[in-house]
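Below, all heavy atoms of this structure are taken into account, side chains as well, without hydrogens, waters or symmetry copies.
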Amino acid sequence: MEESQRYAIPYKGLKNGCHEFRFEVDGSLFEEYQSTEIKDGRCEVTVTADRSESQVTLDVAIAGYVVVECDRCLEDCRVPIDFEGRLVVKFSEEVHEYDGEVMWMLPGEDQVDLKQYIYESIVLSLPYQRVHPEGMCNPDMLERFRIVSDQEFASIEARAGGGAHNEGEWAKLAALRERMEAGEETPEKGEAEEKPRGTK
């Protein structure tokens, strides 16, 4: 079944009043939109449609989870989705742009396609920071991507900001970042640091 048909509500034949519809969302929805954020997911969508002579008001609830990349360790993690929203469907002989809150349909159309609305609602429900629960990140990955601790970074930044010509610390930090991006192991503190000139 095409994705549009999976998330469509038949309008013709729908009597005035409230009607309930349920849809199951899986990874195929995110594949169709070629999402770079969401790798997979499972959500249940419940739609309560209140039809009148002039419009259809849809109260939409989405509950489930999606799989995204953890911002801390870069491995897959599940992020819960809990969304509630309202979409109003109106009819007009003229073509209007969909704005995320009102969907316009031509009088001859016989179904409401909710695919785009459902996808956008899930994406907008994602938290700003997407991470595993505390203590659930892969410790090997955390160590691999650790350059310096916050305290070490603050110390380097303070020393570098102390003089206009002190670029050594910034160069060292930039080199460490390049090594991380290249996938090299970062040395233990003090292990590979170059000794100042003139010392034994």
Side-chain angles (χ1 to χ4, degrees), residues 1-92 95-142:
M1 181 184 295
E2 294 183 2
E3 292 300 302
S4 295
Q5 297 300 317
R6 288 185 61 180
Y7 309 111
I9 292 178
Y11 174 76
K12 281 189 175 179
L14 208 62
K15 296 180 179 180
N16 288 356
C18 290
H19 309 268
E20 187 172 287
F21 301 87
R22 292 181 181 274
F23 306 99
E24 295 290 334
V25 173
D26 56 29
S28 61
L29 177 65
F30 311 115
E31 289 176 7
E32 175 154 329
Y33 280 95
Q34 299 180 346
S35 174
T36 57
E37 295 181 290
I38 303 175
K39 301 181 179 183
D40 198 1
R42 295 289 184 277
C43 296
E44 181 176 291
V45 182
T46 303
V47 181
T48 301
D50 185 3
R51 181 187 171 176
S52 65
E53 292 297 335
S54 60
Q55 66 182 38
V56 182
T57 302
L58 305 175
D59 289 312
V60 182
I62 306 174
Y65 71 88
V66 294
V67 178
V68 297
E69 188 177 84
C70 175
D71 291 338
R72 275 198 298 247
C73 70
L74 305 185
E75 293 203 337
D76 290 352
C77 70
R78 289 188 178 189
V79 174
I81 297 296
D82 186 9
F83 170 85
E84 291 185 359
R86 172 168 288 182
L87 177 66
V88 177
V89 181
K90 297 184 177 182
F91 299 87
S92 173
V95 176
H96 297 267
E97 290 292 329
Y98 163 69
D99 65 2
E101 295 181 356
V102 178
M103 179 184 292
W104 293 89
M105 295 179 60
L106 298 172
E109 295 184 83
D110 59 2
Q111 63 181 16
V112 180
D113 181 9
L114 295 177
K115 179 181 67 174
Q116 183 175 348
Y117 180 80
I118 291 171
Y119 173 75
E120 290 178 354
S121 299
I122 291 174
V123 171
L124 292 174
S125 297
L126 291 174
Y128 178 74
Q129 188 177 38
R130 301 145 196 186
V131 295
H132 286 103
E134 195 65 35
M136 297 297 291
C137 283
N138 184 329
D140 294 334
M141 293 296 288
L142 288 179

For residues 73-84, dump all side-chain donor-acceptor pairs below 3.5 Å to protein atoms at least two apart in sequence or in another chain.
residue: Glu75; atom: OE2; partner: Asn138; partner atom: ND2; Å: 3.0
residue: Asp76; atom: OD1; partner: Lys39; partner atom: NZ; Å: 2.6
residue: Arg78; atom: NH2; partner: Tyr65; partner atom: OH; Å: 3.4

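Every ring pair (Phe, Tyr, Trp, His ring centres under 6.0 Å) that Tyr119 has, sequence neighbours left out, goes to Tyr33. For the side-chain contact (heavy atoms from CB on, under 4.5 Å) test, residues two or more places apart in sequence or in another chain that qualify with Glu120 are Tyr98, Gln116. A search for side-chain contact (heavy atoms from CB on, under 4.5 Å) contacts involving Arg51 returns Tyr11, Leu14, Asn16, Val56, not counting sequence neighbours. Taking the side-chain contact (heavy atoms from CB on, under 4.5 Å) definition, one finds that Ser54 meets it with Ser52, sequence neighbours left out. With sequence neighbours excluded, the residues satisfying salt bridge (charged side-chain N to carboxylate O under 4.0 Å, His left out) with Glu134 are Arg72.
Looking at heavy atoms from C-beta onward, Val66 lies out of side-chain contact with Arg130 at the 4.5 angstrom threshold. Residues Leu114 and Leu87 form a side-chain contact, since some pair of their non-hydrogen atoms from C-beta on lies under 4.5 Å apart. With a 4.5 Å cut-off on side-chain heavy atoms, Val60 and Arg86 do not count as touching. Using a 4.5 Å heavy-atom threshold, the side chains of Leu29 and Tyr7 count as touching.
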Quiz prompt | Full working for side chain to side chain contact (heavy atoms under 4.5 Å, CB included) between Cys43 and Ile122 | solution = CA-CA 9 Å; Cys43 296; Ile122 291 174; 4.2 Å; yes

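Distance check: His132 NE2 to Asp71 CG gives 10.5 Å after rounding to the nearest 0.5 Å. A distance of 9.5 Å separates CG of Leu58 from CG of Asp50, quoted to the nearest 0.5 Å. Rounded to the nearest 0.5 Å, atoms CG (Asp40) and OG (Ser28) are 9.0 Å apart. With rounding to the nearest 0.5 angstrom, the NE2 atom of His19 is 10.0 Å from the CD1 atom of Ile9.
Between Phe21 and Phe23, the ring-plane angle classifies as parallel under the 30° and 60° cut-offs.
Note on Arg22 versus Glu44: salt bridge recorded, some NZ/NE/NH1/NH2 to OD/OE distance being below 4.0 Å.
In terms of heavy atoms, Ala8 sits closest to Pro10 at O-CD, 3.9 Å. The two residues Val45 and Val47 have their closest heavy-atom pair at CG1-CG2, 3.9 Å. In terms of heavy-atom proximity, Lys115 sits nearest to Asp113 at N-OD1, 3.1 Å.
Using modelled atom types, one side-chain atom of Arg6 and one backbone atom of Glu24 make a donor-acceptor pair closer than 3.5 Å.
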